[in-house]
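Everything below concerns the one structure shown next.
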Amino acid sequence: MAAPASGNGGSIADIHLRLTLETSIPSDVRFIERIVALVQRQCRELSYPNRQCALNIPVALAEAIANAILYGNLADPGKAVRVHADANAERVVIEVVDEGSGFDLERSVIDPTAPENIRREDGRGLYLMLKLMHRVERFTRDGNVVRLTLRRDE
Amino acid sequence: MAAPASGNGGSIADIHLRLTLETSIPSDVRFIERIVALVQRQCRELSYPNRQCALNIPVALAEAIANAILYGNLADPGKAVRVHADANAERVVIEVVDEGSGFDLERSVIDPTAPENIRREDGRGLYLMLKLMHRVERFTRDGNVVRLTLRRDE
Amino acid sequence: MSFALQKQGEIVVVDVEGQLIVGNRQELKQKVLDELERGERKFLIDFSQTGYIDSSGLGVLVSLSKKIREQGGELRLANLNEDLKTLFELTKLDTLFQIADSRERALESF
Amino acid sequence: MSFALQKQGEIVVVDVEGQLIVGNRQELKQKVLDELERGERKFLIDFSQTGYIDSSGLGVLVSLSKKIREQGGELRLANLNEDLKTLFELTKLDTLFQIADSRERALESF
Ligand SMILES: Nc1ncnc2c1ncn2[C@@H]1O[C@H](COP(=O)(O)OP(=O)(O)O)[C@@H](O)[C@H]1O
Ligand SMILES: Nc1ncnc2c1ncn2[C@@H]1O[C@H](COP(=O)(O)OP(=O)(O)O)[C@@H](O)[C@H]1O
């Protein structure tokens with residue numbers, strides 16, 4: 001492990017760092033922005049490339065939370081959406097959990113770039129999540145879980 | 001649970017938030033500032049009073065890491081100091097772990113404000129940790145652990 | 001986050017400050033439709049102060065573009081940063097919209 | 001973090017920018033001792049740009065004060081914010097140092 005340059009306090013490359021976040025929000029889309037900002041900040045603390053912090057993380061996460069609120073919890077303010085983010089130097093794993101009964105991920109994705117879809121207002125959420133993340137999984141574990149995995153771009 | 005004001009993205013009071021940090025640094029005092037800044041930022045994300053983020057957390061944590069590096073690991077760069085912080089709206093719990101054989105907390109604290117000590121250069125570290133934190137514990141668990149607990153000031 | 005509207009000649013220019021997402025897209029839609037109702041036909045949305053856009057934000061742009069065209073008007077976009085450009089490319093919406101590199105060029109293009 | 005020294009009349013003024021902690025206190029100590037060696041006797045440390053100070057930073061101030069006094073000189077402090085004041089009060093170091101509320105008042109006080 002390289003010694004840090006004198007007085008600069010050491011760089012991220014020299015330390016092992018893991019940041020996690022756990023939160024639970026009411027099913028109200030106005031909370032999305034704040035949660036996204038928190039995870040974005042973790043991404044920045046870990047010196048991920050700017051594009052991953054400014055595009056991949058916020059868009060995919062905003063989509064996942066919006067879907068959890070609107071489809072999973074049907075915008076019922078009595079139902080909660082839980083978000084768990086776990087980030088280290090190599091990858092960010094985010095789980096978004098709603099109180100719905102789940103959905104078929106493969107069958108729910110459409111190709112919004114197809115000529116018959118391009119003028120549609122909807123249908124770009126899961127597609128963007130898949131494009132912006134290295135992996136998107138859906139499973140049931142104490143709720144409907146959508147798990148997003150982003151690996152650091154070098 | 002109160003609905004957030006329109007468009008402001010919801011306030012911290014409406015959501016449950018827990019932030020954790022796990023890190024491991026070489027025994028070099030130049031890393032202290034960066035770790036302190038990370039925990040300070042968590043304190044700010046959770047809207048702790050400014051004084052707790054600017055005074056209590058940074059001073060107590062800097063002391064604990066410095067002691068872990070200098071006394072626990074005898075500044076041996078091959079030995080690591082691990083820091084684990086776990087913060088929610090109510091309290092911040094920080095564990096600083098070194099590879100030393102531990103020490104007797106009660107016997108190691110002096111009163112640096114006593115006339116015979118006030119001109120000493122050293123001896124203020126543990127005293128300040130005790131003054132600035134609600135609780136300071138020392139125990140052995142896979143290394144020498146100093147655990148600091150700060151409750152939110154209202 | 002907010003939407004600032006101003007008139008430049010006969011063009012309505014909208015600045016998207018912050019995010020354009022499910023939580024506020026309705027506000028943008030309403031503001032633009034109000035202007036359309038009032039008789040405005042040329043619209044420019046400027047993204048120079050925008051953070052990120054989600055799929056529902058993109059959807060609102062598609063929907064506005066359609067509604068404006070139906071009234072014989074035109075919606076153009078300007079100042080997408082690299083990240084926002086990628087978003088339009090991934091969804092091929094860069095083929096649906098006229099996108100200018102600067103506000104000036106967008107204003108001239110009408 | 002860094003220490004900026006400047007001469008104001010016959011007083012050496014040191015600005016502590018950032019933290020004063022175990023990782024950099026030696027640098028402050030050396031800079032001040034160099035000036036003492038050169039014959040300077042009046043020192044003012046200004047904390048208006050300081051974040052936090054740890055126990056070893058406090059220790060260095062005590063040690064410098066002693067060394068400067070031994071040479072017939074004087075060390076004064078200025079611009080402690082509320083948090084730093086608390087630190088001095090907790091350790092009763094506010095009784096050991098002359099602390100001024102502003103740089104001007106500190107400079108006048110010598
Ligand atoms: N958390 C969820 N719970 C239930 N259904 C979901 C969830 N997320 C997505 N879906 C389903 O997947 C479909 C496609 O979602 P998406 O690609 O985001 O497009 P859109 O939201 O625009 O319809 C939704 O219409 C919904 O039926
Ligand atoms: N992590 C540690 N491992 C071993 N000894 C420690 C540790 N932390 C503190 N000590 C002991 O406690 C004493 C008092 O520490 P402190 O109050 O911080 O003052 P100082 O560091 O100025 O001596 C130290 O001198 C050391 O003997």
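Atoms considered below: every heavy atom in the structure, side chains included; atoms not considered: hydrogens, waters and symmetry mates. Throughout, protein chains are lettered first and strands after them, A, B, ... in sequence-line order, and every chain is numbered starting at 1.
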Seminar exercise, completed: Whatever's closer than 4.5 Å to a heavy atom in chain A on Ser65(C) counts as neither
For this session: Under 4.5 Å heavy-atom distance to chain A, tell me which part of Leu90(C) shows up: side chain, backbone, both or neither.
Result: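 Contact with chain A: backbone and side chain both.
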Check: [Y] and [X] side chains under 4.5 Å, non-hydrogen atoms:
X: Arg119(A); Y: Leu96(C); answer: yes
X: Val59(A); Y: Ile53(C); answer: no
X: Gln52(A); Y: Asp83(C); answer: no

Heavy-atom closest pair, residues [X] and [Y]:
X: Arg124(A); Y: Gly59(C); result: NH1-CA, 4.0 Å
X: Ile118(A); Y: Leu93(C); result: O-CD2, 3.9 Å
X: Tyr52(C); Y: Ala54(A); result: CB-O, 4.1 Å

Problem set entry | Euclidean distance, Glu82(C) CD relative to Leu55(A) CG, rounded to 0.5 Å |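 Interatomic distance, Leu55(A) CG to Glu82(C) CD, rounded to 0.5 Å: 11.0 Å.
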For this session: Begin from the C-alpha positions of Arg120(A) and Val62(C) and carry the test side chain to side chain contact (heavy atoms under 4.5 Å, CB included) through to its verdict.
Result: CA-CA 7 Å; Arg120(A) 277 178 63 164; Val62(C) 171; over 6 Å; no
Problem set entry | Result of checking Asn67(A), Leu128(A), Leu126(A) against Ser55(C) for side chain to side chain contact (heavy atoms under 4.5 Å, CB included) |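 Going through the options one by one, the only one that passes is Leu128(A).
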Problem set entry | Identified side chain to side chain contact (heavy atoms under 4.5 Å, CB included) partner of Lys92(C) from the options Thr113(A), Asn117(A), Asp111(A) | Thr113(A)
For this session: Would you kindly say whether Thr86(C) and Arg51(A) are connected by a side-chain donor-acceptor distance under 3.5 Å?
Result: yes
Around [X], counting heavy atoms of other residues, nucleotides and ligands shown, do more than 12 lie under 6.0 Å from its [atom1]?
X: Glu116(A); atom1: CD; answer: yes
X: Lys29(C); atom1: NZ; answer: yes
X: Glu37(C); atom1: CD; answer: no

For this session: Sort Ile69(A) into side chain, backbone, both or neither according to what part of it lies under 4.5 angstrom from a heavy atom of chain C.
Result: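 Neither part; nothing is under 4.5 Å.
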For this session: Report yes or no: does Glu63(A) contribute a side-chain atom to a donor-acceptor pair with the main-chain N or O of Asp54(C) at less than 3.5 Å?
Result: no
For this session: Go through Val22(C), Leu84(C), Thr91(C), Val60(C) and name the one with the most non-hydrogen pairs under 4.5 angstrom from chain A.
Result: Thr91(C)
Exercise. Pick from Leu87(C), Thr95(C), Leu58(C): which one has the most heavy-atom pairs with chain A under 4.5 Å?
Worked result: Leu87(C)
